[in-house]
Amino acid sequence: MMVPSQPADSAAAPDGPEDRLRRFATIWSRAVFPAAATSLTRPEFETQLAPLARELKDALHARPFDTAPAARVGAALVAAHCTDPEALTRTLGVVDSYLVLYCGTDELPVEESRARCARLQHSLAAGFAQALRERTLAEQEAIARSALSARSQAEEALHATETRFRAVFEGAAFGIGIADLEGNVLEVNDTLTEMFGGLEHHVRSRNVSEWGHPEDVPHFWRMYGELVRGEREHFRAEKPFYRNDGTVLWTNLTVSLLRDAEGTPQYQLALMEDTTERRLLNLRLRYEATHDALTGLPNRTLFFERLEKTLSAAESARFGLCYLDLDGFKAINDSLGHASGDRLLVEVADRLQSCATAPGEMVARIGGDEFVALTTGPDTERAVADLASRILGALATPILLDGREFTVRGSIGVVEGLAAEHSPAEVLRSADITMYRAKAAGGNRYELADPEADARAITRHGLTTALPAALERGEFFIEYQPLVHLDDGTVHGAEALVRWSHPQHGVLGPDRFIPLAEHTGLIVPLGRWVLEQSVRQAMFWHQTLPEGTLGGPLRINVNLSPAQLHHPGLVADTVEVLERIGLPPGSLCLEVTESALIGADEDLLKPLRQLAEMGVDIALDDFGTGYSNLANLRRLPVSVLKLDRSFTQGMQQHPADPVDLKIVEGIVSLAHSLELAVTVEGVETGAQAEHLRRLGCDTAQGWYYARPGPPEQLHTLSLADAV
């Protein structure tokens with residue numbers, strides 16, 4: 001089909017819709033004019049086509065969509081003496097190539113515009129064929145009336161008309177078939193014959209009723225019955241047919257009713273467009289969009305579709321879901337390379353696929369090394385547990401990669417329940433949380449979802465995301481717990497304990513948010529804020545407490561987290577705060593947990609040594625809980641041991657636990673021999689304090705003296721000691 005190409009001066013698109021419409025009419029007239037039997041000039045012929053172009057444009061955007069205007073345009077071409085087959089062929093080519101380009105708008109998606117354009121072409125060809133046939137009949141009647149005077153001329157005109165009609169019929173790019181009202185196929189063109197396999201007698205001898213297909217839309221045959229009864233003029237549908245070899249032919253089918261001059265239904269005309277390849281391409285694209293390219297498993301998109309369908313089922317329906325994450329996959333991927341990692345994932349996918357073969361079960365890959373398995377049925381509580389066990393069992397067999405065997409482990413979060421009570425997002429979130437709980441428990445296991453654990457995890461996540469803004473908004477504050485000399489009961493100093501005044505959860509202790517700050521890295525700016533506030537408060541005490549009220553230089557104890565120990569700015573930040581505020585280094589004690597220094601190398605100890613050389617005290621907090629080698633105390637730059645409360649709880653009873661007494665006595669003796677002071681945490685009774693004093697402990701803190709409180713508390717205690 002030949003249509004004129006755009007001239008060079010049309011590179012820039014017209015400015016407005018009317019300009020585009022005129023351009024479309026110009027292209028149409030240039031294409032059809034050479035094949036039109038008309039005495040008009042080309043500009044005059046373009047003027048004649050302009051209203052027809054407007055009808056096609058309006059039909060393209062009409063709501064509701066109707067192709068009747070296109071049929072009228074086809075008839076108008078015949079009326080304008082454009083009856084040559086080439087005129088129809090060129091018209092269809094122009095409409096196909098330029099109607100959407102020049103007359104389309106952003107209001108319709110491109111795919112819908114193209115589909116509408118194709119249907120308009122069908123209707124235009126049908127209108128053209130109907131008008132040409134009616135014109136032929138009219139010419140035949142004219143011949144009959146003037147047979148006596150012009151029989152020879154009429155026969156020639158009839159022959160020419162039938163020749164033109166036959167040329168259009170046979171040369172059309174669409175399959176065309178004509179049948180009577182009983183459905184007997186009377187005529188088909190070559191295009192339709194080729195679509196059905198090339199055997200004309202296998203098509204012409206058939207009855208339309210024989211072309212049923214299991215995938216016919218439910219209302220197809222209802223519309224067909226209405227058409228042959230004369231109750232509708234045409235209908236369109238996507239319809240599959242069986243070819244003679246058993247393969248399926250998919251078509252866009254338009255069936256129109258042909259009436260005689262009196263309006264009585266006479267024939268049915270079918271126009272078919274072969275869409276088989278397009279449909280196969282769409283199916284392929286759909287498969288690629290819903291399946292993982294590496295493993296071939298359903299991907300996140302298809303899994304969510306299936307999960308949503310499952311959860312929207314009947315209220316009594318149940319489901320079970322396993323959320324699997326491979327343990328240590330990153331180490332394998334990094335050590336062997338991504339290619340080997342991909343082969344491992346393919347093998348894992350195959351094993352998972354073999355585990356989910358029962359009806360209602362499916363496996364999908366939703367991330368790098370994350371997989372999900374879904375099961376449905378009446379007894380999903382048992383089925384999902386069995387499925388999780390099968391998955392772990394399938395992973396237990398080593399996988400051979402590059403001549404080495406790897407045992408793959410996995411952590412699985414299991415969610416099970418009534419479908420109507422969950423949304424897809426809730427299910428995946430609960431499964432993800434539960435999976436991480438299984439991973440935290442050591443991995444290579446599955447855990448069942450626990451609503452309370454989910455709530456705690458969600459709360460932790462909320463706290464984690466709120467931490468940065470909380471520091472900016474000043475939601476943190478510090479409470480101080482006094483440190484007391486055991487020999488005379490005077491206040492030695494205080495330990496700074498940070499608190500979070502959360503808008504929803506109230507006051508939170510450090511155990512609720514310090515691990516989260518460690519995980520997110522916010523512990524460094526938070527720790528620096530605590531250090532600065534504590535040093536500033538200690539300086540205020542130095543300036544306001546009367547001289548001689550304290551039993552020696554005031555100390556402020558500030559806790560350091562492991563992340564702060566590794567931060568390269570620890571020493572510089574500490575020095576800057578002390579110098580800016582003016583607090584002597586000897587009035588600051590930094591507390592480091594024993595577990596943070598287990599196996600510490602010289603690089604980690606270097607900043608602590610620098611601070612100790614400046615005069616800052618370093619306290620080893622929670623001493624006795626880290627399983628450290630006591631010989632390591634000689635190389636640690638510490639000046640204070642803070643004995644964990646677990647060693648002194650036995651002293652609260654009467655008589656005191658003799659084993660605890662011996663242990664504490666030995667630790668105190670060892671510490672003093674190393675010139676280390678000993679501080680005891682968790683002192684709650686006077687008897688306990690007396691035991692510790694007799695054993696030689698230097699300082700203590702606990703509820704016996706005071707609970708953590710505002711800074712004014714230390715001022716009150718100091719004045720009381722002075723009195």
Side-chain angles (χ1 to χ4, degrees), residues 66-68 70-71 74 115 118-134 136-137 165-166 168-279:
D66 183 13
T67 59
R119 293 180 179 180
L120 291 175
Q121 293 176 63
H122 297 171
S123 184
L124 190 151
F128 185 92
Q130 176 70 15
L132 190 60
R133 187 175 186 84
E134 291 175 355
T136 300
L137 293 175
F165 177 78
R166 178 58 57 183
V168 171
F169 186 78
E170 294 296 342
F174 299 96
I176 303 176
I178 300 175
D180 59 25
L181 298 183
E182 285 72 38
N184 299 309
V185 179
L186 304 177
E187 194 70 36
V188 294
N189 66 355
D190 291 341
T191 303
L192 189 142
T193 301
E194 292 173 1
M195 288 165 58
F196 276 87
L199 301 176
E200 182 180 354
H201 64 280
H202 284 175
V203 181
R204 189 191 295 271
S205 62
R206 302 283 292 275
N207 188 282
V208 172
S209 61
E210 300 175 24
W211 275 323
H213 191 278
E215 295 189 45
D216 285 335
V217 292
H219 57 284
F220 176 85
W221 293 105
R222 175 180 59 79
M223 293 189 297
Y224 176 78
E226 293 172 353
L227 181 131
V228 296
R229 291 193 299 269
E231 299 172 2
R232 66 162 58 228
E233 295 302 313
H234 56 81
F235 71 88
R236 297 170 184 82
E238 184 180 31
K239 174 168 173 50
F241 295 88
Y242 283 119
R243 296 190 181 97
N244 298 324
D245 60 0
T247 58
V248 177
L249 165 70
W250 280 89
T251 67
N252 280 334
L253 173 66
T254 301
V255 183
S256 302
L257 182 65
L258 302 181
R259 300 176 182 269
D260 60 18
E262 286 74 31
T264 303
Q266 191 171 12
Y267 300 102
Q268 49 179 310
L269 173 69
L271 274 71
M272 298 183 189
E273 178 190 8
D274 186 350
T275 62
T276 305
E277 292 186 3
R278 185 191 311 165
R279 182 179 178 83

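Only this structure's heavy atoms are used, side chains among them; waters, hydrogens and symmetry mates stay out.
- Between Tyr224 and Trp211, the distance from one ring center to the other does not fall under 6.0 angstrom.
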Exercise for review: Please test Val188 against Arg206 for side-chain contact (heavy atoms from CB on, under 4.5 Å), starting from the C-alpha separation and ending with a verdict.
Suggested key: CA-CA 11 Å; Val188 294; Arg206 302 283 292 275; over 6 Å; no

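- Here the straight-line distance linking atom CD1 of Ile176 with atom OG1 of Thr191 works out to 7.5 Å at 0.5 Å rounding.
- Rounded to the nearest 0.5 Å, atoms CG (Asp216) and NZ (Lys239) are 3.0 Å apart.
- Annotation: side chain of Glu215 is not in contact with side chain of Val248 (no heavy-atom distance under 4.5 Å).
- The shortest side-chain heavy-atom distance between Glu273 and Gln121 does not fall under the 4.5 Å cut-off.
- Residues His122 and Leu271 share a closest heavy-atom pair of O-CD2, 3.2 Å.
- Shortest non-hydrogen contact noted between Ala70 and Leu120 is CB-O, 3.3 Å.
- In this structure, Thr251 OG1 and Phe241 CZ are separated by 4.5 Å, a value rounded to the nearest 0.5 Å.
- Under the 3.5 Å distance criterion, with hydrogens and angles disregarded, a donor-acceptor pair is assigned to the side chains of Thr247 and Arg243.
- Taken from CZ in Arg119 to OG1 in Thr254, the straight-line distance is 7.5 Å, to the nearest 0.5 Å.
- Shortest non-hydrogen contact noted between Leu227 and Phe235 is CD1-CD2, 3.9 Å.
- In this structure, Tyr242 and Gly212 approach most closely via the heavy-atom pair CD1-O, 4.3 Å.
- Nearest heavy atoms, Ala179 versus Val208: CB-CG2, 4.3 Å.
- Here CZ of Arg229 is found 12.0 Å from CG of Leu257. Values are rounded to the nearest 0.5 Å.
- Inter-residue side-chain proximity for Met272 and Leu192 is flagged as met; some heavy-atom pair is nearer than 4.5 Å.
- Considering Glu233, Glu134, Gln130 as possible partners of Arg259, the one that fulfils the side-chain hydrogen bond (donor to acceptor under 3.5 Å, both in side chains) test is Glu233.
- Residues Ala237 and Phe220 share a closest heavy-atom pair of CB-CD1, 3.8 Å.
- Rounded to the nearest 0.5 angstrom, Leu186 CG and Asp180 CG are separated by 5.0 Å.
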